[in-house]
Amino acid sequence: MKGYSNILVAVDLSDEAEQVLEEAAALAARYQAEISVIHVAHALTFYGDFPYYASPLDSELYNQEEIRKILFKELDKLAEPFDITRGSIDVRFGYPPDEIVAKAKHDHADLIVVGSHGRHGIRLLLGSTANSVLHHAECNVLAVRIVES
Ligand code: AMP
């Protein structure tokens with residue numbers, strides 16, 4: 001097996017993010033791969049009964065720099081125990097699966113690591129991020145099974 005040289009890990013800043021990052025960091029150490037982190041800021045809103053993600057244009061209504069600052073603070077805290085520094089962390093705005101796949105393509109990542117768990121209610125309706133990334137990515141995708149505490 002060839003191994004990996006450029007791993008992209010997607011974190012959503014929920015309680016599960018650490019488990020996802022831990023697995024990605026272990027793989028990066030094992031293969032001596034570069035590791036980078038992406039978090040996608042998105043606005044979930046409703047059109048009548050239908051949920052949809054606000055477009056990047058909508059997100060320009062918010063102060064992206066302020067949001068970015070707040071998110072970087074959280075991401076720095078999360079990434080620090082794994083020796084991942086700010087230069088390897090990216091915050092984007094938009095629909096998470098699209099942004100994750102686009103960054104992986106742009107950076108020539110050879111593995112995307114995401115979390116995966118059971119779905120309930122509205123999140124089932126929206127489909128899982130892991131599933132969507134898996135269907136659109138051009139590289140391998142590892143779905144880390146989340147252990148609910
Ligand atoms: P979900 O299917 O939305 O519960 O998310 C499952 C996994 O997709 C998470 O553990 C992350 O790896 C990734 N993910 C979900 N939302 C985001 C986000 N906003 N930014 C980056 N990664 C995300």
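When a ligand or atom number is given, it counts from 1 through the structure's own listing order.
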> Are I146 and V20 close enough, and set up right, to give a side-chain contact (heavy atoms from CB on, under 4.5 Å), and what steps lead you there?
CA-CA 8 Å; I146 300 302; V20 179; 3.7 Å; yes
> Please classify the E99 to ligand 1 contact at 4.0 Å (heavy-atom distances, strictly less than): side chain, backbone, both or neither.
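No part of E99 is near ligand 1 at this cut-off.
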> Can you name the atoms of ligand 1, numbered from 1 with element, that are less than 4.0 Å from a heavy atom of I100?
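Counting from 1, the qualifying ligand atoms are 22 (N).
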> Among L8, V114, N131, find the residue that satisfies the side chain to side chain contact (heavy atoms under 4.5 Å, CB included) test when tested with V141.
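Answer after filtering L8, V114, N131: V114.
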> Classify the contact between V133 and ligand 1 as side chain, backbone, both or neither, using a heavy-atom distance cut-off of under 4.0 Å.
neither
> Would you sort out whether I112 and C139 count as a side-chain contact (heavy atoms from CB on, under 4.5 Å), showing the intermediate values?
CA-CA 7 Å; I112 301 174; C139 62; 3.6 Å; yes
> Considering only heavy atoms of I38, which atoms of ligand 1 have at least one such atom less than 4.0 Å away?
21 (C)
> Mind checking the CZ-CD1 spacing from R30 to I7? Nearest 0.5 Å is all I need.
10.5 Å
> To the closest 0.5 Å, what do you measure between CD (E18) and CD (E23)?
13.0 Å
> Checking the N or O distance criterion of under 3.5 Å, is ligand 1 in contact with V113?
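There is no such contact.
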> Geometry only, no angles: is V20 polar-contacting ligand 1 at N/O separations under 3.5 Å?
no
> Please work out whether any backbone atom (N, CA, C, O) or any side-chain heavy atom from C-beta onward of P96 is under 4.0 Å from ligand 1, and answer side chain, backbone, both or neither.
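Only the side chain of P96 comes within reach of ligand 1.
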> Within a distance under 4.0 Å of any heavy atom of S128, pick out the atoms of ligand 1 and give their elements.
2 (O)
> Could you work out, for atom 13 (C) of ligand 1, the closest of I146, L71, T129 by heavy-atom distance?
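Ranked by closest heavy atom to atom 13 (C) of ligand 1, first place is T129.
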> Please assess I67 against F93 for the test side-chain contact (heavy atoms from CB on, under 4.5 Å), listing each intermediate value before the final yes or no.
CA-CA 10 Å; I67 295 172; F93 290 82; 3.9 Å; yes
> Under a single-linkage definition using a 4.5 Å side-chain heavy-atom cutoff for Ile, Leu, Val, Met, Phe, Trp and Tyr, are Y95 and I38 assigned to the same hydrophobic cluster?
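Result: no, two separate clusters.
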